[in-house]
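Keep in mind that what you see is a predicted model, and the values were worked out from it rather than measured. Residue numbers start from 1 in every chain, and the chains themselves are labelled A, B, ... in the order their sequence lines are given, proteins ahead of strands. Below, each value reflects all heavy atoms present in this structure, side chains not excepted, and no hydrogens, waters or symmetry copies.
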Amino acid sequence: MSEFPPGLILVLGALVIPFLKGSIRNLFMIILPVFGLLGLLAIEDGYTFTINILGLQLTPVRVDRLSLLFGYIFHIAAIISIIYAFHLRDTVQQIAALMYAGTAIGGIFAGDLVSLFVYWEGTAISSVFLIWSSNTHESFKTGMRYLLIQVGSGVLLLAGTILYYKQSGTIVFNKFELTEIGPILIFVAFGIKAAFPLLHNWLQDAYPQATVTGTVFLSAFTTKLAIYALARGFPGTELLIWIGAIMTAFPIFYAVIENDLRRVLAYSLNNQLGFMVVGVGIGTELSLNGTAAHAFSHILYKALLFMSMGAVLYRTGTIKGSELGGLYKSMPYTTGLCIIGAASISAFPLFSGFISKSLIITATAVEGYWGVWLVLLFASAGVFHHSGIKIPYFAFFQHDSGKRPEEAPLNMLIAMSLAAFLCIAVGVYPQALYNILPYEVNFQPYTTTHVVTQLQLLLFSALAFGWLMRSGLYPPELKSTNLDFDWSYRYFIPRLLEKLVSIIVLIDRKLREYLLKMTNNFIAEIRRYYGAGSWFSDTTSIGNSATLLVGFLVAIIIITWVF
Amino acid sequence: MGKKSTRKAKKYWLDSKSNIDKIWYALIVLCLISVCADFFYHKHIEYKVEDLIVGMYGWYGFLGCVFLVLASKVLRILLMRPETFYDEVKDE
């Protein structure tokens with residue numbers, strides 16, 4: 001059992017799906033990741049599996065503490081998401097979800113770049129069906145954009161791999177130096193999937209367009225695979241500290257004014273990735289532990305938040321803040337569970353975010369990056385503001401929208417409760433998580449200083465929210481599209497190309513017109529001399545012709561005679 | 001279904017304005033308590049700025065959030081377009 005490559009059980013299981021029906025199929029889907037997780041628990045740290053293909057040494061499975069941690073949480077996320085989607089009777093989505101989870105887990109354990117590439121593209125191609133399954137024109141277009149960008153990231157990874165192989169003669173996936181072109185391309189490929197600033201728009205574009213259940217799957221795997229890849233390939237790369245710091249701050253401004261609550265969560269997901277990227281960039285044992293721990297707790301509370309918003313969308317048919325409100329009256333359990341997720345992402349003491357994020361923030365302070373540290377604190381206050389308060393407030397409270405939807409289906413409540421339980425369990429008993437981190441942990445999250453300062457930060461953020469709300473300064477939720485960097489490729493570049501094409505068409509037309517005029521002139525000239533009625537085309541009598549010809553020949557004879 | 005109609009008629013605790021005010025005042029009290037807590041323990045700090053004034057983190061959080069929201073309001077002026085912005089582009 002332990003010899004079985006992690007993730008493969010889900011991919012193979014997906015192939016059986018069409019032959020199963022109804023609830024049996026859904027039960028089968030839950031059993032797969034449970035078995036996968038059991039297999040992973042049995043596997044030994046340090047186990048590798050290598051094969052030789054065409055003289056290339058591939059390592060499809062490499063197990064160490066870092067990959068194990070991500071492996072565990074990916075399996076847990078798969079189990080929770082599948083329970084959440086238990087009511088679903090959609091073969092395409094079910095196959096796509098299993099393939100997606102399976103390839104993502106495979107990617108975590110890939111020990112070489114070629115295997116990683118295969119899984120990398122596998123996640124891209126399988127996950128797009130979770131977006132297309134929304135069956136709207138909009139989701140189709142979004143899916144196309146998503147696929148282009150994701151596959152593009154894979155192509156960059158492959159190109160980087162080839163160049164790296166030429167340069168170093170190996171494809172082993174370990175730490176790279178960001179000096180040669182190969183690793184730089186790999187870095188950009190990871191950066192696209194990790195939603196670096198200006199490469200991030202696929203995330204906010206795609207996640208709100210996916211199906212209710214699809215978004216929950218999406219939120220767990222793609223970006224965290226990229227975070228893992230960065231932690232593996234580029235720990236201690238200082239550039240990542242600055243990229244990560246921008247990532248924590250930049251999306252939260254958008255989150256405040258965004259109306260689509262699932263898009264708000266996509267922006268805050270982006271912000272949370274920023275914390276992890278900073279952790280990778282600092283590259284100390286403390287900060288890398290922080291990144292791994294934060295990925296673990298983040299997957300849980302993000303899934304929980306997306307699940308609660310999914311339940312709202314499922315029951316009301318909308319997820320726009322401007323159309324919601326007062327739902328706590330008829331969906332009290334979903335409200336409560338959402339608040340647990342909100343408390344976790346906001347890093348309230350006793351919730352999961354607190355014990356993982358403080359590792360990263362402390363590492364930043366210890367290493368002396370005080371500017372980044374200030375940004376991270378600001379982003380922490382901001383994330384409470386827009387995810388912790390805004391999400392539950394606009395969906396479940398604010399003014400009463402009059403909507404009285406039913407409580408979420410039982411399977412959704414079970415999935416959300418599982419995630420909520422783990423959020424609190426990790427927060428209350430952090431040692432369980434700390435024990436499985438890549439490095440030994442000498443960190444105490446529950447010191448008086450940590451708890452009091454964090455509570456101050458959060459309570460006063462809440463105070464700011466309350467004050468802005470009561471004074472009417474807070475911007476209301478409005479139906480709108482907010483321009484982000486994707487404006488460049490969804491609006492500006494197409495327009496620019498249109499303009500360029502029209503200019504080229506114009507030049508082309510003028511050039512043709514000019515040539516046509518020249519040709520016409522030329523023809524007119526010829527016609528003048530050779531056309532009907534011109535001198536050359538004049539007819540004349542045979543006698544005259546003969547005389548002319550004879551005269552011509554005589555002239556030639558005389559000339560040749562004389563010379 | 002009968003349950004639903006009774007639900008509609010039910011008056012919730014949060015429906016009353018005075019109760020919302022109670023939450024608001026409770027929050028203010030909690031904030032004050034958290035600031036006062038600073039007097040009763042020794043703060044382990046990395047930077048001097050952390051202990052510049054009492055309740056430094058609170059001030060930072062409050063001002064940070066106010067800045068966040070007001071800056072976003074300004075951003076909205078620049079960035080907000082109709083919901084159908086990208087659809088219209090397509091239809092042209």
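The OH atom of Tyr86(B) sits 11.0 Å away from atom OG1 of Thr142(A), with the distance rounded to the nearest 0.5 Å. Note that the OG1 atom of Thr453(A) and the CE atom of Met56(B) stand 12.5 Å from one another [nearest 0.5 Å]. With rounding to the nearest 0.5 angstrom, the CD atom of Glu258(A) is 11.5 Å from the CE atom of Met80(B). Put simply, CG on Leu27(B) and CZ on Phe465(A) are 11.0 Å apart, with the number rounded to the nearest 0.5 Å.
Sparse packing is recorded around CH2 of Trp59(B), with 12 or fewer heavy atoms of other residues, nucleotides or ligands lying under 6.0 Å away. More than 12 non-hydrogen atoms from other residues, nucleotides or ligands lie less than 6.0 angstrom from OH of Tyr489(A). The number of heavy atoms from other shown groups lying within 6.0 Å of OH (Tyr333(A)) does not exceed 12.
There is no contact between Lys390(A) and chain B, counting heavy-atom distances below 4.5 Å. With a 4.5 angstrom heavy-atom cutoff, Ser322(A) does not touch chain B via any of its atoms. Of the atoms belonging to Phe384(A), not a single heavy atom falls under 4.5 Å from chain B. Contact annotation for Trp373(A): only side-chain heavy atoms (C-beta onward) come within less than 4.5 Å of a heavy atom of chain B. Residue Ile28(B) touches chain A through both its backbone and its side chain, counting heavy-atom pairs closer than 4.5 Å.
Here the side chains of Phe85(B) and Leu483(A) are in contact, with some heavy-atom distance below 4.5 Å. Put simply, the side chain of Trp487(A) does not reach to within 4.5 Å of the side chain of Leu79(B), judged on heavy atoms.
Listed here is the closest heavy atom pair of Val452(A) and Ser34(B): CG1-O, 3.9 Å. The two residues Thr481(A) and Pro82(B) make their nearest non-hydrogen contact at OG1-O, 3.0 Å. The shortest heavy-atom contact between Cys65(B) and Leu468(A) is O-CD1, 4.4 Å. For the residue pair Val69(B) and Pro475(A), the shortest heavy atom distance occurs at CG1-CD, 3.4 Å.
Judged purely by atom type and a 3.5 angstrom limit, Tyr12(B) uses its side chain to pair as donor or acceptor with the backbone of Lys329(A). In this structure a side-chain-to-backbone donor-acceptor pair under 3.5 Å is present from Tyr60(B) to Leu374(A).
Proximity to chain B at a heavy-atom threshold of 4.5 Å picks out Gln456(A), Leu457(A), Leu459(A), Phe460(A), Ser461(A), Ala462(A), Leu463(A) from residues 454-463 of chain A, in numerical order.
Annotation: maximal heavy-atom pairing with chain B below 4.5 Å, among Asn482(A), Thr362(A), Ile257(A), occurs at Ile257(A). Ranked by non-hydrogen atom pairs under 4.5 Å with chain B, the options Ala379(A), Ala464(A), Ser380(A) are led by Ala464(A). Counting heavy-atom pairs under 4.5 Å between each of Phe253(A), Trp467(A), Tyr254(A) and chain B puts Phe253(A) at the top. Ranking Cys31(B), Gly61(B), Ala71(B) against chain A, the residue ahead of the rest is Cys31(B), based on heavy-atom pairs under 4.5 Å. When Asp260(A), Leu478(A), Asp400(A), Ile252(A) are compared by the number of non-hydrogen pairs under 4.5 Å with chain B, Leu478(A) comes out ahead.
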Subject >> Derivation of the side-chain contact (heavy atoms from CB on, under 4.5 Å) call for Asp21(B) and Arg470(A) >> reply: CA-CA 10 Å; Asp21(B) 287 339; Arg470(A) 290 173 78 90; 2.8 Å; yes

